[in-house]
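Here the structure is laid out as structure tokens; the discussion comes afterwards.
Since the structure is predicted, the reported quantities are computational estimates derived from the model, not experimental observations.
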Amino acid sequence: MTIPLAIENEQEASVAIILSCMVGQQDQQVIDFQFRRLSLMLSLSLKFQHHSLEHMAGKAMPLLAAYGNQKVIEYCAPFIPDNFKETLFAMLCELLTANGELSESESEVLGIAALHLGISIELMRVMITTFLMRNRWNVM
């Protein structure tokens, strides 16, 4: 698949995958909370040092609009190095379970991300369960 505004590095691919998983949220309060968490998460990560969330999101959003979340995840997953795949999946779990719940559509997109990142079903279940328990009482 040839995609305009191609993703150039693992940071841009990571943010595109994260945003792909966040797309479709209906509750503006949840969206705002997830973006604040994402911004903080990236600012605390050495991997994203010197990478602007605004720039990375600016590259990802047109891709999502043109191709949809599943195609963007599929396209971006090969950019993610093996030693970062589980961490990225944990970041996805943390963001999508921020309200202590996981909708059917969120669960589906997490499954797609896990599949393309090579996360085993067993690890996926453990991580989702852990983050659901951890975030159950979060203040939105």
Side-chain angles (χ1 to χ4, degrees):
M1 160 176 32
T2 303
I3 295 184
L5 299 173
I7 298 298
E8 297 177 21
N9 56 50
E10 69 183 278
Q11 290 80 9
E12 291 175 0
S14 296
V15 169
I17 291 170
I18 290 168
L19 294 177
S20 294
C21 291
M22 291 171 58
V23 165
Q25 295 289 334
Q26 302 301 317
D27 184 341
Q28 189 61 44
Q29 184 179 9
V30 171
I31 293 168
D32 292 344
F33 185 74
Q34 286 177 333
F35 272 101
R36 285 192 308 271
R37 281 190 105 159
L38 174 59
S39 180
L40 178 61
M41 194 181 288
L42 298 183
S43 71
L44 295 174
S45 173
L46 290 174
K47 188 166 282 289
F48 293 92
Q49 198 170 35
H50 309 298
H51 293 274
S52 161
L53 175 56
E54 184 177 319
H55 171 75
M56 293 183 289
K59 289 186 85 172
M61 294 311 287
L63 297 177
L64 285 165
Y67 299 99
N69 58 357
Q70 186 170 345
K71 288 288 187 193
V72 171
I73 292 168
E74 182 181 331
Y75 173 75
C76 291
F79 285 89
I80 310 302
D82 288 342
N83 68 353
F84 189 63
K85 289 179 179 185
E86 290 177 354
T87 301
L88 177 58
F89 190 74
M91 293 167 74
L92 292 170
C93 290
E94 183 176 348
L95 289 167
L96 293 181
T97 64
N99 63 351
E101 300 173 358
L102 191 64
S103 71
E104 187 175 324
S105 63
E106 290 169 327
S107 180
E108 184 178 312
V109 77
L110 265 181
I112 291 166
L115 173 69
H116 289 290
L117 292 171
I119 305 297
S120 71
I121 291 172
E122 296 81 18
L123 181 57
M124 177 183 74
R125 286 182 179 152
V126 168
M127 291 174 84
I128 290 171
T129 301
T130 301
F131 279 102
L132 282 169
M133 287 186 292
R134 161 60 186 93
N135 294 327
R136 182 177 300 151
W137 303 107
N138 279 352
V139 174
M140 301 296 290

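The ring pair (Phe, Tyr, Trp, His ring centres under 6.0 Å) contacts involving residues 41-63 comprise nothing, where partners must be two or more places apart or lie in separate chains. The list of salt bridge (charged side-chain N to carboxylate O under 4.0 Å, His left out) pairs with a residue in residues 61-70, not counting sequence neighbours, is empty. Residue pairs meeting the salt bridge (charged side-chain N to carboxylate O under 4.0 Å, His left out) criterion with at least one member in residues 88-105, sequence neighbours excluded: R37-E94. Screening residues 41-50 for salt bridge (charged side-chain N to carboxylate O under 4.0 Å, His left out), with sequence neighbours left out, gives E10-K47.
Qualifying side-chain hydrogen bond (donor to acceptor under 3.5 Å, both in side chains) partners for S105, counting only residues two or more places apart in sequence or in other chains: S103. With sequence neighbours excluded, the residues satisfying side-chain contact (heavy atoms from CB on, under 4.5 Å) with A13 are I7, C76, F79, I80. D82 is linked by a side-chain hydrogen bond (donor to acceptor under 3.5 Å, both in side chains) to K85, counting only residues two or more places apart in sequence or in another chain. Partners of S14 according to the side-chain hydrogen bond (donor to acceptor under 3.5 Å, both in side chains) rule, which considers only residues two or more places apart in sequence or in another chain, do not exist here. For E108, there are no side-chain hydrogen bond (donor to acceptor under 3.5 Å, both in side chains) partners two or more places apart in sequence or in a different chain.
Expressed to the nearest 0.5 Å, how far NZ of K71 lies from CD1 of I73 amounts to 12.0 Å.
Annotation for L19 and L38: closest pair CD2-CD2, 4.2 Å, computed over non-hydrogen atoms. When all heavy atoms of F89 and L110 are compared, the closest pair comes out as CE1-O, 3.4 Å.
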Just list the side-chain donor-acceptor pairs under 3.5 Å for residues 117-132, sequence neighbours left out, or say none.
{"unit_1": "S120", "atom_1": "OG", "unit_2": "L123", "atom_2": "N", "d": "3.1"}
{"unit_1": "T129", "atom_1": "OG1", "unit_2": "R125", "atom_2": "O", "d": "2.8"}
{"unit_1": "T130", "atom_1": "OG1", "unit_2": "V126", "atom_2": "O", "d": "2.7"}

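Judged by distance alone, the side chain of N69 and the main-chain N or O of C21 form no donor-acceptor pair under 3.5 Å. With N9 contributing its side chain and E12 its backbone, the two residues share a donor-acceptor pair below 3.5 Å.
Clustering of Ile, Leu, Val, Met, Phe, Trp and Tyr side chains at separations under 4.5 Å places L40 together with L44.
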